[in-house]
Amino acid sequence: MLALVLLAGLLVLLGQVRLALTKDQPCSGELGLDCGGFWERAGAEQFLDKVGERGRLALLLWPAAVAAFVAGPLTGRELENGLHRLDWTQSVTPARWLTAKLVLATAVAVPAVALLCGVLALAEPPGADNGGWTDWTVRGDFETRSAVLGAYTVLAVALGALTGLVLRRG
């Protein structure tokens with residue numbers, strides 16, 4: 001999860017640096033830069049726009065990844081190995097055991113998705129109309145700019161844990 005946050009942050013940082021370097025840049029070849037290619041201002045804005053657009057769409061897969069790789073194996077592996085019996089004999093009820101597992105997965109996944117949404121918000125080029133969405137029905141826009149993706153993540157943790165309990169494998 002941390003690697004994904006760092007990758008998104010690196011891409012947005014690269015786009016913002018490109019945008020800052022092309023700001024008010026004359027076409028005289030100063031600093032060895034010309035006006036075309038990588039250093040073109042329109043290219044930098046398009047890069048940030050694409051990172052934001054594709055990042056939002058990719059972020060919609062976050063809850064499924066959390067369910068498949070975090071919540072399901074977290075409970076399923078303990079049931080498969082029989083470690084849950086040890087916990088239950090140490091005056092930990094099955095409900096408290098499951099609650100502890102779900103809280104752990106949620107405490108990691110929800111702040112990570114909030115951080116990713118914040119990083120993608122930085123991908124908006126300066127001067128873009130960030131105040132209102134042009135069309136809230138566009139898939140990915142509404143979810144990544146509100147608390148909906150966090151709620152999807154909590155639901156995915158619950159469904160992943162349920163799958164791990166049913167399948168009993170990690």
Side-chain angles (χ1 to χ4, degrees), residues 1-18 46-125 128 130-170:
M1 286 189 219
L2 182 62
L4 188 60
V5 172
L6 291 175
L7 178 67
L10 184 66
L11 285 173
V12 170
L13 181 66
L14 176 67
Q16 291 291 352
V17 166
R18 274 182 64 187
Q46 286 175 349
F47 176 76
L48 276 175
D49 189 45
K50 289 294 180 191
V51 166
E53 177 186 331
R54 292 190 178 140
R56 278 187 207 81
L57 288 175
L59 204 52
L60 290 177
L61 299 174
W62 178 265
V66 167
F69 297 113
V70 177
L74 192 65
T75 56
R77 190 170 297 122
E78 283 205 16
L79 290 172
E80 182 181 19
N81 295 334
L83 296 174
H84 65 290
R85 289 189 189 105
L86 176 65
D87 287 340
W88 293 355
T89 60
Q90 303 297 314
S91 66
V92 175
T93 64
R96 279 187 49 205
W97 170 81
L98 183 60
T99 302
K101 299 296 173 191
L102 294 180
V103 167
L104 174 68
T106 305
V108 172
V110 172
V113 78
L115 189 60
L116 275 169
C117 288
V119 166
L120 286 178
L122 294 175
E124 295 289 333
N130 298 344
W133 301 300
T134 54
D135 186 11
W136 66 271
T137 60
V138 173
R139 193 74 180 152
D141 259 359
F142 179 69
E143 289 90 348
T144 58
R145 293 181 178 172
S146 64
V148 172
L149 200 58
Y152 284 173
T153 304
V154 172
L155 176 65
V157 166
L159 290 176
L162 179 64
T163 304
L165 289 172
V166 169
L167 295 179
R168 294 183 179 260
R169 336 178 239 158

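Computed from a prediction, not measured in an experiment: that's the story for all the values here.
- Listed by first and then second residue, the side-chain hydrogen bond (donor to acceptor under 3.5 Å, both in side chains) pairs that reach into residues 105-119 come to none, sequence neighbours excluded.
- Considering CG of Leu102 and CH2 of Trp97, their distance stands at 9.0 Å, rounded to 0.5 Å.
- Nearest approach of Leu116 to Trp62, heavy atoms of both residues: CD1-CZ3, 3.7 Å.
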Kindly indicate, with the supporting measurements, whether the criterion side chain to side chain contact (heavy atoms under 4.5 Å, CB included) is fulfilled by Val157 and Val70. CA-CA 8 Å; Val157 166; Val70 177; over 6 Å; no
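- In this structure, CG on Leu79 lies 6.0 Å from OG1 on Thr75, to the nearest 0.5 angstrom.
- Under the side chain to side chain contact (heavy atoms under 4.5 Å, CB included) criterion, Ala67 pairs with Ala156, sequence neighbours left out.
- In terms of heavy-atom proximity, Cys117 sits nearest to Leu149 at SG-CD2, 3.9 Å.
- Annotation: the span from Thr93 atom OG1 to Leu98 atom CG amounts to 9.5 Å, rounded to 0.5 Å.
- Sorted by first and then second residue, the salt bridge (Lys or Arg N to Asp or Glu O under 4.0 Å) pairs involving residues 95-107 (not counting sequence neighbours) are Glu78-Lys101.
- Applying the side chain to side chain contact (heavy atoms under 4.5 Å, CB included) rule to Val148 yields the partners Phe142, Glu143, Ser146, Tyr152; only residues at least two apart in sequence or on another chain are considered.
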